A.B. asks: 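Sharing a structure, written as structure tokens. Questions coming.
Every chain is numbered from 1 and lettered A, B, ... according to where its sequence line falls, protein lines coming before strand lines. Just so it is clear, the model here is predicted, and its values are computed rather than measured.
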Amino acid sequence: MPEIRTRFAPSPTGYLHVGGARTALFNYLYARAKKGKFILRIEDTDQVRSTEASYHQVLDSLRWLGYEWDEGPEVGGAHGPYRQSERLHLYKEHADRLINEKKAYPCFCSTEELDRKKKQREAMGLPYVYDGKCRSLSETEVSEKKAQGLEHTIRFRSSAKEILVDDMVQGSVRFDTALIGDFIIVKSDGFASYNYAVVIDDHLMDITHVIRGVGHLSNTPRQIMVYDAFGWKPPQWAHVSEIVGSDHKKLSKRHGATPITAFRDLGYTARTFNNYMALLGWSSPEGHEYMALEELKSQFDVARCSKSPSMFDVFDLEKAADVDLAQVTIAELEKYLFPKSKLNWLSNQHIRNTSETQYIEEILPFVHSVGVVPEAETNVQNERLVSILLSLRVYLDTLGQIKEYLPDFYAPFAPRAEDFRDSEYFQSENFVSLAEAFLRQIGQMTQGEKLTHDAVKTGIQAVGKEINIKGKPLFMGLRLATTGRLTGLELPVYLELLGRERVVERVTKMVALKKEA
RNA sequence: GUCCCCUUCGUCUAGAGGUUAGGACUCGGGAUUUUCAUUCCCGCAACAGGGGUUCGAUUCCCCUAGGGGACGCCA
């Protein structure tokens with residue numbers, strides 16, 4: 001059996017979003033699952049819209065996601081070059097061959113003329129098909145027109161027949177080529193058009209499986225005609241369902257066509273994203289949902305892909321009305337995410353299940369950007385930072401959320417009386433005696449002794465005995481007195497991480513606040 | 001308009017001609033946690049509608065409705 005070769009062929013006309021990334025993922029996974037090769041090809045024949053910046057963005061995104069390509073730009077390979085703009089000679093050669101064999105012909109019809117005819121057909125309620133005006137131009141007519149300097153395109157000469165697309169996902173789908181007509185394979189600027197270039201490239205690159213969005217299904221008969229004209233064998237087709245936004249429409253700027261890098265910047269890991277995207281339209285035969293890339297690489301099969309579209313449902317569109325989610329800042333974008341999405345749940349699972357070292361390594365850049373931890377302490381050697389980060393990880397849906405928690409441990413403590421006006425524990429008459437008793441307990445500890453988990457526990461018990469309260473009032477009162485908050489980590493852990501000095505400072509400030517009030 | 005595709009809990013999905021239609025996220029309730037969270041248990045919630053075929057259809061066929069996609073010198 002020949003080696004399986006898949007490819008991802010983005011056009012560098014924008015950034016990579018979830019739709020494109022998922023197509024890349026499927027191609028990558030299929031190649032890996034079948035021990036084949038994954039090829040990256042850049043389709044930059046649209047001279048107007050392709051940009052170098054976009055090219056770099058796309059590669060950057062692909063690298064972040066971890067889809068190392070076996071052949072492609074910046075890696076090379078035996079089937080290069082891998083940018084269509086560098087393969088022009090190949091398209092030319094093959095187009096000449098088709099013209100010589102009378103399977104293609106030059107067309108001098110102007111855009112205006114074509115537009116007019118198209119509108120006429122539309123007005124009659126008919127699908128637009130090229131009328132074949134230039135189909136039987138004689139050679140002398142052709143050279144005359146060329147001599148006049150008229151621009152021309154090259155059209156493929158199609159014949160009416162039925163074409164059966166045998167698709168691994170869609171099944172057998174029939175198309176009538178009479179509805180397609182003679183389509184353009186070379187544009188007047190001399191560049192190959194998509195439906196033609198893709199065939200030349202896929203054939204020359206020995207692509208065995210074309211996995212792409214179902215939007216391409218109706219292009220497939222055109223491509224099959226080109227394969228037939230050359231006498232080549234078409235690849236296996238696999239047209240996977242499109243990903244739609246919460247509005248049930250194809251991902252658009254407003255509805256989730258957010259650059260994949262935005263999710264990276266928010267603090268979702270590539271592991272999370274790959275796992276989540278794999279679940280959009282595919283399911284593991286074992287029914288697993290939480291999966292590492294390794295499992296995906298061995299289990300994925302395009303044959304298990306669903307035909308129905310899946311919704312990328314992570315944004316609250318009610319909130320995001322009139323907002324272009326592809327343009328807003330990361331901080332802004334975060335506000336429009338559903339906090340309880342499956343994506344967040346998966347992300348949390350991945351954060352808490354990775355190794356401690358990997359987690360620390362990955363979160364450090366985010367810690368850095370919060371800006372409250374002193375530069376000198378922002379490293380893996382800092383025990384306090386590391387303990388804090390490890391205690392907090394169960395709470396994080398994204399690495400970026402660390403910014404919610406860090407200031408509590410590092411920023412100056414400045415409680416304000418109005419924040420506690422409605423707190424029953426702060427208003428309680430026991431509050432001061434409770435706080436002071438705890439302060440005395442800490443004071444009894446020898447100089448320099450660390451406020452450990454256990455020391456806090458025994459301290460709390462002693463306070464309870466002394467003041468003669470127990471239960472919730474004891475704990476909540478002390479929590480408020482020592483942290484200025486009613487929620488957070490388990491109290492002993494919390495105080496240990498805060499450290500003796502900070503705890504003393506907090507209790508002192510809280511007591512002062514209470515006495516003032 | 002023409003052609004193609006789709007429709008299982010709110011969402012991601014499993015499923016097979018006979019199942020109490022399963023799981024996950026969310027949501028609700030409870031237990032544990034002397035807080036929130038975590039964890040655990042329980043629960044709510046779906047086969048778009050109508051016709052066939054069949055002993056039996058959510059599963060196969062047809063129609064309707066709704067949705068999506070394609071119909072470019074874009075890819």
Side-chain angles (χ1 to χ4, degrees), chain A residues 9-14 43-46 48-50 84 107 109-111 114-115 118 121-129 151-155 165 167 169-171 173-176 178-181 183-195 197-198 212-221 239 241-242 244 246-250 276 279-290 304 306-314 338-346 348 352 392 394-395 425 460 464 470-476 478-480 485-491 494:
Chain A
S11 56
T13 53
E43 310 221 321
D44 54 355
T45 52
D46 185 340
V48 182
R49 296 194 306 149
S50 298
Q84 289 190 327
C107 169
C109 296
S110 69
T111 317
L114 261 16
D115 279 350
K118 190 183 297 180
R121 299 271 304 183
E122 264 169 21
M124 290 189 289
L126 297 167
Y128 172 70
V129 181
E151 283 196 334
H152 72 280
T153 58
I154 311 253
R155 282 185 188 271
V165 178
D167 194 281
V169 178
Q170 303 291 325
V173 189
R174 277 169 206 288
F175 290 94
D176 182 356
L179 265 18
I180 294 171
F183 55 95
I184 291 173
I185 60 174
V186 178
K187 300 181 265 185
S188 58
D189 65 1
F191 273 53
S193 72
Y194 171 75
N195 282 302
V198 81
R212 72 231 303 193
V214 72
H216 288 284
L217 183 62
S218 44
N219 283 143
T220 309
H239 289 92
S241 66
E242 224 80 61
V244 298
S246 309
D247 59 350
H248 291 277
K249 289 203 169 62
K250 195 173 161 181
Y276 184 79
L279 259 18
L280 253 27
W282 176 81
S283 60
S284 115
E286 276 100 6
H288 293 176
E289 306 227 314
Y290 171 82
R304 270 188 74 83
S306 153
K307 279 171 137 186
S308 49
S310 357
M311 193 185 289
F312 182 55
D313 196 21
V314 303
F338 282 120
K340 300 295 230 170
S341 66
K342 192 162 185 173
L343 172 64
N344 277 6
W345 172 80
L346 252 187
N348 175 266
R352 56 164 73 193
L392 251 21
V394 211
Y395 292 80
Y425 301 109
I460 293 174
K470 54 183 176 177
K472 213 164 169 175
L474 202 217
F475 264 73
M476 291 309 277
L478 278 179
R479 177 178 281 278
L480 191 64
R485 291 160 162 260
L486 289 170
T487 60
L489 299 174
E490 195 189 334
L491 196 54
Y494 199 170

A.B. asks: Side-chain N or O of A:Arg304 less than 4.0 angstrom from OP1 or OP2 on B:G15?
C.D. replies: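 True: A:Arg304 side-chain N/O within range (under 4.0 Å) of B:G15 OP1/OP2.
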A.B. asks: Name the nucleic acid region contacted by A:Arg352, choosing base, sugar-phosphate or nothing; use a 4.0 angstrom heavy-atom cut-off, strictly under.
C.D. replies: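 The residue A:Arg352 makes sugar-phosphate contact but no base contact.
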A.B. asks: Find the distance A:Phe183:CZ to B:A70:C1' and express it as a whole number of Å.
C.D. replies: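 From A:Phe183 CZ to B:A70 C1': 15 Å.
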A.B. asks: To the nearest Å, how far apart are A:Asn219 CG and B:A70 P?
C.D. replies: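 Value for this atom pair: 9 Å.
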A.B. asks: When the distance from OH of A:Tyr290 to C1' of B:C12 is rounded to whole Å, what number comes out?
C.D. replies: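 The answer, rounded to whole Å, is 18 Å.
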A.B. asks: Scan A:Leu486 against the nucleic acid and name what it touches under 4.0 Å (heavy atoms): base, sugar-phosphate only, or nothing.
C.D. replies: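 Base, at least one base heavy atom under 4.0 Å.
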A.B. asks: Hey, does A:Lys307 reach any base, or is it just sugar-phosphate, or nothing, if we go heavy atoms under 4.0 Å?
C.D. replies: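 Here A:Lys307 touches the backbone only, sparing every base.
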A.B. asks: Any base atoms under 4.0 Å from A:Glu490, or only sugar-phosphate, or nothing? Heavy atoms, all strands.
C.D. replies: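 Here A:Glu490 touches the bases of the nucleic acid.
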A.B. asks: Given atom OH of A:Tyr494 and atom C1' of B:A37, what is their separation to the nearest angstrom?
C.D. replies: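 From A:Tyr494 OH to B:A37 C1': 13 Å.
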A.B. asks: Would you mind classifying the nucleic acid contact of A:Thr13 as base, sugar-phosphate or nothing, using non-hydrogen atoms under 4.0 angstrom?
C.D. replies: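 Result for A:Thr13 = nothing.
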A.B. asks: When rounded to the nearest Å, what value does the distance between P atoms of B:G23 and B:G15 take?
C.D. replies: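 Their P atoms lie roughly 15 Å apart.
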A.B. asks: Using a cut-off of 4.0 Å between protein heavy atoms and nucleotide atoms, how would you tag nucleotides 22-31 of chain B 5' to 3' with B, S and -?
C.D. replies: -BBSSS----
